[in-house]
Each structure stands twice: as structure tokens, then as C-alpha cells.
Amino acid sequence: MDDLTDQQQQRIKKLDTLRELGVQPYGTRFDATDRAGQLIRLHGEKSKEVLEREQLRCRFAGRIVALRRFGKAAFAVLQDGADRLQVYLKKDLLGEQGYRVCEMLDLGDWIGVSGQLFRTKTDEFTVEVRELTFLSKALRPLPEKWHGLTDVETRYRQRYVDLIANPSVHEIFATRSRIIAGVRAFLIEKGFLEVETPMMQPIPGGATARPFVTHHNALGMDLYLRVAPELYLKRLIVGGFPRVFEINRNFRNEGISTIHNPEFTMLEFYVAYADYTDLIGLTEELIARLGKEIFGTTTIEYQGQQIHLAPPWRRWSYRQAILEVNGLDSSVLSDRTAAMKAAARLKVEVEKNADLVTILNEIFEETVEPKLVQPTVITDYPIEISPLARRKDSDPSLTDRFELYIAGREIANAFSELNDPLDQRKRFEAQVAQREAGDEEAHYMDEDFLRALEHGMPPTAGEGIGIDRLVMLFTNQASIRDVILFPQLRPEK
RNA sequence: GAGCCGCUAGCUCAGACGGUAGAGCAUCGCCCUUUUAAGGCGAGGGCCCUGGGUUCGAGUCCCAGGCGGCUCACCA
């Protein structure tokens, strides 16, 4: 007890006093017939006179987030979900015993109240409490009322405190939930089946990324946390589900930054008989609908930039974008030396022995991506950087693929799936060769996936949307940690 | 991984040139039955991130480390 702060000791003392008063400081159920938000919506606009006439009774619960005492009376503000409602505690109405309980209240405690709605002298919509039920004692103090909790580290480590102290944080995560619910509703409406595929995979596939490894004791084998659900979802297309989607976590054993968390939420969906161009329209519809349904507009602001989500979005081929943004001659597309010179002139750093595709991709990422502020669909990616995408009929060096960029960031990646098992085998073999050459992110051979394709996969288009980044965009957050409830951090000590 | 910045009371922050560690809020005591950053009077509260070093003396200067943020590199 000696290592407790004075405030913690005071609260434990009050805990004991409550028990002496016959109050259980950690109670059981409270029959809240009302919610603060409901009361505010239904009656919050009524005048003093109307409230006096109607004599409305109510019963709700919440956490004390503000407390102003006056000797024989007090005002407390209760937080119930996203809403705050003031209650008035008066000795006359609560009695000697009841008011002793009030004197034991602290910021952070949970209480239930029943009473009558009224308006104070200062016109504040308030509950005059007739009965108070103590629900739970907080043994630690809340952050300061004015500045709240601003220390970023504490906000991430103790998200529960962040959520109490910062209503805007509470709102961001409520919005995140609505976005995911909106995505789910949209896809289900479009005839998709929601499925769950393994998070622990014997062969990690579906993305070029380093996996986490874990071990299953009973099976005596290593398993990988998935880097993508892609190969399993395609197995389901083979199995005869024509439209499937999954919203779930992916895990990548890579660096952490403002746009990377080791575990992140991914939406992937697959449509049989469709090609990538069908998905462009579907994506336009989805994003615009989310804007309208959740924010009532298709114009949003992200980090000071106005972004117009209403379709149609600009479409630009990967190669055209590289040429036009930089005013380059089309020779760079086929001439490695010309591409190298262009990179040097554009101050794009490229490894000395990089191949043409890598040079062009560096140029794309450095010079084109940051310019794609308004939603832009980039199409026709080179085959070398699209190992799972279908080859373009009109140009075998390209794929039937697009990526959606908004605010300079990749939001979606979609392509017509490669369903030729022999071609897929060759590409896996190429990946395996790269892996053997030291590329830890290259794909593994997945014989079972090939076997599935050999059973015949209908023409299919698939797409992935990074949910965290989508939420960042819609909630105007610069860091992924501000849209993930418990971002990954090193241990405290 | 590299660079820059930060770490002082429960919270938000001050602490020039090295000389007994401060404020506001919160807490505790007294007063106060319509306040809303309530108010008045009084009081308590510190491993100054950790470990070394320099010095008569270190929150402050030096070295090493920890944790976090931002920027850069890989990735979505």
C-alpha cells in the first residue's frame, strides 16, 4: 500500500467507507431503462416549462467524468457510450445515508441513477437524482479535465484511458466499426458470402511479404501466420462459391511505421466470371456509398486536402502515368539505359544493377504515387510485379490489374486472377528461384493450390482493400496507430 | 536499422549560466443546495526514464542504455 499514490490510497479508503455504509462498491446488474443519448435526443430540446409539466422519469448509468460539489449538493456528468448527461445530486432528495454515498464518489466511478428530467438555472438538461446505485469504484484518477491525456505513448498503451479522456478517439473507433459494417452490408447485398480461411498456414502465400512463424506442438510442425488469405479464397472459388469475401487480420513480419502495423485488417473479395474492370465499378460504388452513408457526403478532407470520392474516378495506365507525370519519352519503357538515365535525372535512387521493371517501378512510386491525391485507378501493371495476376491478352508483358490510389496512398489492389494452372506453376517456380537467391519475400511453392487450379477455376477477379488505411482516410488520421485500438509497441519495461 | 526530438507530481507543463524541485488541474481538510475549466481558505504529494562519469555540488553537463514520436529506407 505504501507504493500507492495518495489518490489511490484515498480511493481505497472510500471503498472501505462504502462497505461500512452497506454499499457494495463492485455491484451487479443495473436495470437501465434509458440511455443518455436517447434521453438527450427525445427530451433534450424541451423547455424548462415543458419538462416541469411532463415530470419525466428516467433511469440510466454511466461513468462520472465531471464532478462539482457544493457541500449539500453536487453536479456530476455521466458518460454513457458517446453521450454525456449531467445529473444533480441533492441531499434533500437522497437522504443522509444516500448523500454519504455521494460524498464517496470520485471521477471515474460508475453509477446508476434514476430521477426526473429538468433544466437548471443555466438551462442545462439534467437529471435530478432520486435514487443512486453505486456500480463500480475507480481506484485510479482520470487525466486532467482540460488537457486530457495527450502523451502519445500512454494513449496507445492504455487505450482504455485514451477512450475515456478523448471523445474524438471514441468517435474514430465507432466510425471504424461503421465503415466495416458498411463494407460487409454492401458485399452481402451484392450476393457475396462471408467466409473465414486459415490465419495459421503451413505455406504462407498470396502476397510478397515476410511471415511470422509459430509452432504447433501436437502436430510437431511450424505454421505461418498468414500474410494474405488470397490462395484460400481462390480455392473456394474453385469449390464453387461464385462470390466470397473475408475481412480479417493479416500479419507481416516487417517494419512498423505510421502506415504499417504488424497485424492489420484486410478485406479481400473474389467474383467469378468477372474481370478486373468489373471491380473498378464495384469499388467506385463501395467507396462512394461509404462516404454517403457514414458521412453524408462524397467529399472528404484528408490532412488538409479535399478529396472527391464521387465516381467516375480517373483511370490511367501504369506506363502512361510514368511517362506523363515526368514528361518522359516512351523509350524508357523498353530501354534500361534510358530508364536509368531518367531515374538519375528525376533524383530517384535505384540500385546499380536493378532491372528495367524495378527502375520503372521506383520511378512510379517516387514520382507518380504522391500525385495521386484524388481517387485514381492505375491499370496494366507489369507481369513481373504481379505474380498472381492474369496475363493481358493484348500484351503479355502486362497484367489485367489495377490499383486504386487516394491521397497518394494505395487503397485497393485488384486483378483478374490467374487461373491457368500451368502458367501459375511457372510463376511459382520463378518465385522459388528468387527465394533461393535470397529474396525472403518471394512466394513459396504451393502444390495444393496448384492442384486446386488444376480442377479448374472459373475466370475470376479479386481485390484487396486495406481496411486500416481506408479508415485513416475517412477519419482523417495520419497514423495507422490512431485507427488500431491496440497498436503494436515494445513492452513497457 | 539510421537521423532528429521527447521522458520532471495522478494529468498537462515550467525549471537561464550547475547551487535546497515549481505551477495549474486532480487529491486531502474547512466553507458552500442550480454548477458546468464552479468558487473561497488551508495542506499534502517527486526513483526529475535507468546506469555510469565530470564536479565541493547534476533535473540541468558528458557517456551508455530503455521507451515513445516524427523523418528516411522495405512493405499494404
Side-chain angles (χ1 to χ4, degrees), chain A residues 3-11 13-14 48 65-77 84-94 99 102 106-108 118-126 128 138-158 161-162 164-165 206-211 227-228 249-268 349 351 362 365-366 369 403-405 409-413 439-441 464-470 472 478-482 487 489-493:
Chain A
D3 53 351
L4 295 182
T5 65
D6 61 330
Q7 304 202 46
Q8 288 174 307
Q9 292 181 28
Q10 288 297 340
R11 283 167 183 246
K13 237 169 83 185
K14 290 177 185 173
K48 195 178 183 102
V65 292
L67 189 58
R68 296 176 284 275
R69 299 179 188 281
F70 293 87
K72 296 188 183 64
F75 286 97
V77 177
R84 293 179 168 202
L85 181 52
Q86 180 172 267
V87 301
Y88 182 46
L89 303 159
K90 195 156 75 158
K91 194 169 187 177
D92 290 353
L93 291 168
L94 294 165
Y99 203 70
C102 284
D106 281 304
L107 248 40
F118 79 112
R119 250 173 215 293
T120 64
K121 274 182 191 164
T122 50
D123 214 36
E124 177 90 6
F125 183 61
T126 303
E128 188 179 68
L139 296 182
R140 291 175 185 267
L142 248 29
E144 189 222 1
K145 59 190 163 191
W146 194 242
H147 301 92
L149 179 67
T150 61
D151 181 77
V152 181
E153 184 171 356
T154 311
R155 287 189 44 231
Y156 295 152
R157 287 196 195 281
Q158 302 181 37
V161 180
D162 189 27
I164 298 164
T208 47
R210 289 237 293 272
V227 295
R249 228 66 65 77
N250 287 350
F251 307 86
R252 298 191 184 173
N253 204 341
E254 290 161 356
I256 295 179
S257 77
T258 48
I259 49 172
H260 299 92
N261 194 62
E263 54 181 303
F264 61 100
T265 302
M266 192 75 182
L267 160 69
E268 285 200 12
E349 283 184 36
E351 279 184 38
E362 288 291 333
E365 287 176 4
E366 289 289 314
E369 281 188 15
E403 289 202 0
L404 165 64
Y405 286 85
R409 234 173 248 164
E410 183 189 332
I411 296 292
N413 178 20
D439 182 354
E440 286 187 66
E441 296 185 352
I465 296 181
I467 293 293
D468 311 280
R469 292 190 182 173
L470 189 68
M472 286 169 72
S479 171
I480 199 168
R481 296 183 198 97
D482 292 316
L489 299 176
R490 284 196 169 85
E492 268 179 85
K493 273 175 193 167

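The sequence lines fix the lettering, A, B, ..., with proteins before strands; numbering per chain opens at 1. Keep in mind that the numbers below use all heavy atoms, side chains included, and drop hydrogens, waters and symmetry copies.
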> Give the rounded distance in Å between these two atoms: CG of A:Leu142 and P of B:rA37.
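After rounding, the reported distance stands at 17 Å.
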
> Apply side chain to side chain contact (heavy atoms under 4.5 Å, CB included) to A:Arg119 and list each qualifying residue two or more places apart in sequence or on a separate chain.
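With neighbours one apart ignored, the set is A:Lys48, A:Leu51, A:Asp123, A:Phe125.
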
> Given the P atoms of B:rA26 and B:rA21, what is the spacing between them in whole Å?
26 Å

> Judged by each residue's nearest nucleotide on RNA chain B, which is more toward the 5′ side, A:Thr208 or A:Arg481?
A:Arg481

> Describe the nucleic acid contact of A:Arg155 in one word from base, sugar-phosphate, nothing, applying a heavy-atom distance below 4.0 Å.
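Contact class for A:Arg155: none.
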
> Within this structure, what is the CD-to-C1' distance between A:Gln8 and B:rC11, rounded to whole angstrom?
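Taking CD of A:Gln8 and C1' of B:rC11, I get 13 Å after rounding.
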
> Under 4.0 Å between any heavy atoms, over every strand shown, what does A:Leu489 touch: base, sugar-phosphate, or nothing? Just pick one.
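Sugar-phosphate, no base atom in range.
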
> Rounded to the nearest 0.5 Å, how far does CD1 of A:Ile256 lie from CG of A:Asn261?
6.0 Å

> Would you mind reading off the distance between A:Arg119 atom CZ and B:rU35 atom C1', rounded to a whole angstrom?
15 Å

> With rounding to whole Å, what would you report as the distance between B:rA38 and B:rA43 at their P atoms?
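To the nearest whole Å, 23 Å.
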
> At 4.0 Å (heavy atoms only), tell me whether A:Asn250 reaches a base, stays on the sugar-phosphate, or touches nothing.
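Here A:Asn250 touches no strand at all.
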
> Return yes if some donor-acceptor pair links the side-chain N/O of A:Tyr99 with the main-chain N/O of A:Leu93 below 3.5 Å, else return no.
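No, because the side chain of A:Tyr99 does not come within donor-acceptor range (under 3.5 Å) of the backbone of A:Leu93.
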
> Could you tell me whether A:Gly148 contacts a base, only the sugar-phosphate backbone, or nothing, with contacts defined as non-hydrogen atoms closer than 4.0 Å?
sugar-phosphate

> For A:Leu149 and B:rG68, give me the distance from atom CG to atom P, rounded to whole Å.
16 Å

> Out of B:rU12, B:rU35, B:rC28, which nucleotide sits closest to the side chain of A:Arg68?
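Of all the options, the side chain of A:Arg68 is nearest to B:rU35.
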
> Students often get this wrong, so: under 4.0 angstrom with heavy atoms, is A:Arg157 touching a base, only sugar-phosphate, or nothing?
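Contact class for A:Arg157: sugar-phosphate only.
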
> Just wondering, do A:Phe70 and B:rC32 stack (centres under 5.5 Å, planes under 30°)?
no

> Under a 4.5 Å cut-off applied to non-hydrogen side-chain atoms, are A:Glu403 and A:Asn413 in contact?
yes

> Please determine if a side-chain N or O atom of A:Lys13 lies less than 4.0 Å away from the OP1 or OP2 oxygen of B:rC28.
no

> Just call it for A:Thr154: base, sugar-phosphate, or nothing, with non-hydrogen atoms closer than 4.0 Å on any strand.
nothing

> Closer than 3.5 angstrom, by distance alone: can the side chain of A:Gln158 be matched with the main-chain N or O of A:Val161 as a donor-acceptor pair?
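Side chain of A:Gln158 to backbone of A:Val161, a donor-acceptor pair under 3.5 Å: no, none is there.
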
> When you compare B:rA73 with B:rG46, how far apart are their C1' atoms, in angstrom units rounded to a whole number?
41 Å

> What is the distance, rounded to the nearest whole Å, between atom CZ of A:Phe125 and atom C1' of B:rU35?
17 Å

> Please check the phosphate of B:rC13 (OP1 and OP2 only) for any side-chain N or O of A:Thr150 closer than 4.0 Å.
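Indeed, a polar side-chain atom of A:Thr150 lies that close.
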
> Tell me which nucleotide, if any, is Watson-Crick or G-U wobble paired with B:rA64 when both distances must be under 3.5 Å.
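For B:rA64, the partner nucleotide comes out as B:rU50, under the 3.5 Å rule.
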
> Look at the side chain of A:Glu124 against the base of B:rU35 and say whether a donor-acceptor pair falls under 3.5 Å; ignore hydrogens and angles.
no

> Nearest of B:rU33, B:rC74, B:rU27 to any side-chain atom of A:Glu362?
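Nearest to the side chain of A:Glu362 among the choices is B:rC74.
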
> Hey, could you give me the OG1/CD distance between A:Thr126 and A:Gln86, rounded to the nearest 0.5 Å?
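That separation rounds to 4.0 Å.
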
> Categorize A:Lys48 for me: base, sugar-phosphate, or nothing, with a 4.0 angstrom heavy-atom threshold over every strand shown.
nothing

> Any N/O pairs under 3.5 Å between the protein and nucleotides 41-50 of chain B? List them or say none.
residue	atom	partner	partner atom	Å
B:rG44	N2	A:Asp6	OD2	2.5

> B:rU34, B:rU12, B:rC32: which one has an atom nearest the side-chain heavy atoms of A:Glu128?
B:rU34

> Side chain of A:Thr126, heavy atoms from C-beta onward: which of B:rU35, B:rC32, B:rU12 has the nearest atom to it?
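Minimum distance to the A:Thr126 side chain belongs to B:rU35.
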
> Quick check: does any side chain N or O of A:Asn250 sit under 3.5 Å from a backbone N or O of A:Val227, one acting as donor and the other as acceptor?
yes

> Using atom CZ of A:Arg490 as one end and atom C1' of B:rC67 as the other, report the distance to the nearest whole Å.
8 Å

> Any idea if B:rC41 is syn or anti, going by the 90°-from-0 cut?
anti

> Could you tell me whether A:Phe118 contacts a base, only the sugar-phosphate backbone, or nothing, with contacts defined as non-hydrogen atoms closer than 4.0 Å?
base

> Could you check which of B:rC28, B:rU33, B:rA26 has an atom nearest any side-chain atom of A:Gln10?
B:rC28

> Which nucleotide sits closest to the side chain of A:Tyr156: B:rC25, B:rU33, B:rG69?
B:rG69

> What's A:Asn253 touching, base or sugar-phosphate or nothing? Going by heavy atoms closer than 4.0 Å.
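The residue A:Asn253 makes no contact with any strand.
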
> How long is the straight-line distance from CD of A:Glu128 back to OG1 of A:Thr120, given to the nearest 0.5 Å?
11.0 Å

> What interatomic distance, in whole Å, is found between P of B:rC28 and the corresponding atom of B:rU71?
42 Å

> Round to the nearest Å and state the distance from A:Leu4 atom CG to B:rU27 atom P.
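It works out to 17 Å between those atoms.
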
> Would you mind telling me which of B:rA37, B:rC28, B:rC70 lies closest to the side-chain atoms of A:Lys145?
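So the side chain of A:Lys145 is nearest to B:rA37.
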
> How is A:Glu349 classified with respect to the nucleic acid when contacts are heavy atoms under 4.0 Å: base, sugar-phosphate, or nothing?
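No contact at all - A:Glu349 keeps every heavy atom at 4.0 Å or more from the nucleic acid.
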
> Can you measure A:Ile259 atom CD1 to B:rA73 atom C1' for me and round it to whole angstrom units?
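The answer, rounded to whole Å, is 12 Å.
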
> Could you measure between the two C1' atoms, the one in B:rG59 and the one in B:rC13, and give it in whole Å?
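It comes out at 15 Å once rounded to the nearest Å.
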
> Only counting residues at least two apart or in another chain, list the ones meeting side chain to side chain contact (heavy atoms under 4.5 Å, CB included) with A:Ala478.
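Scan of A:Ala478 (side chain to side chain contact (heavy atoms under 4.5 Å, CB included), adjacent residues dropped) gives A:Gln303.
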
> P atom, B:rC47 versus B:rU8: distance in rounded Å?
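The same atom, P, in both gives a distance of 12 Å.
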
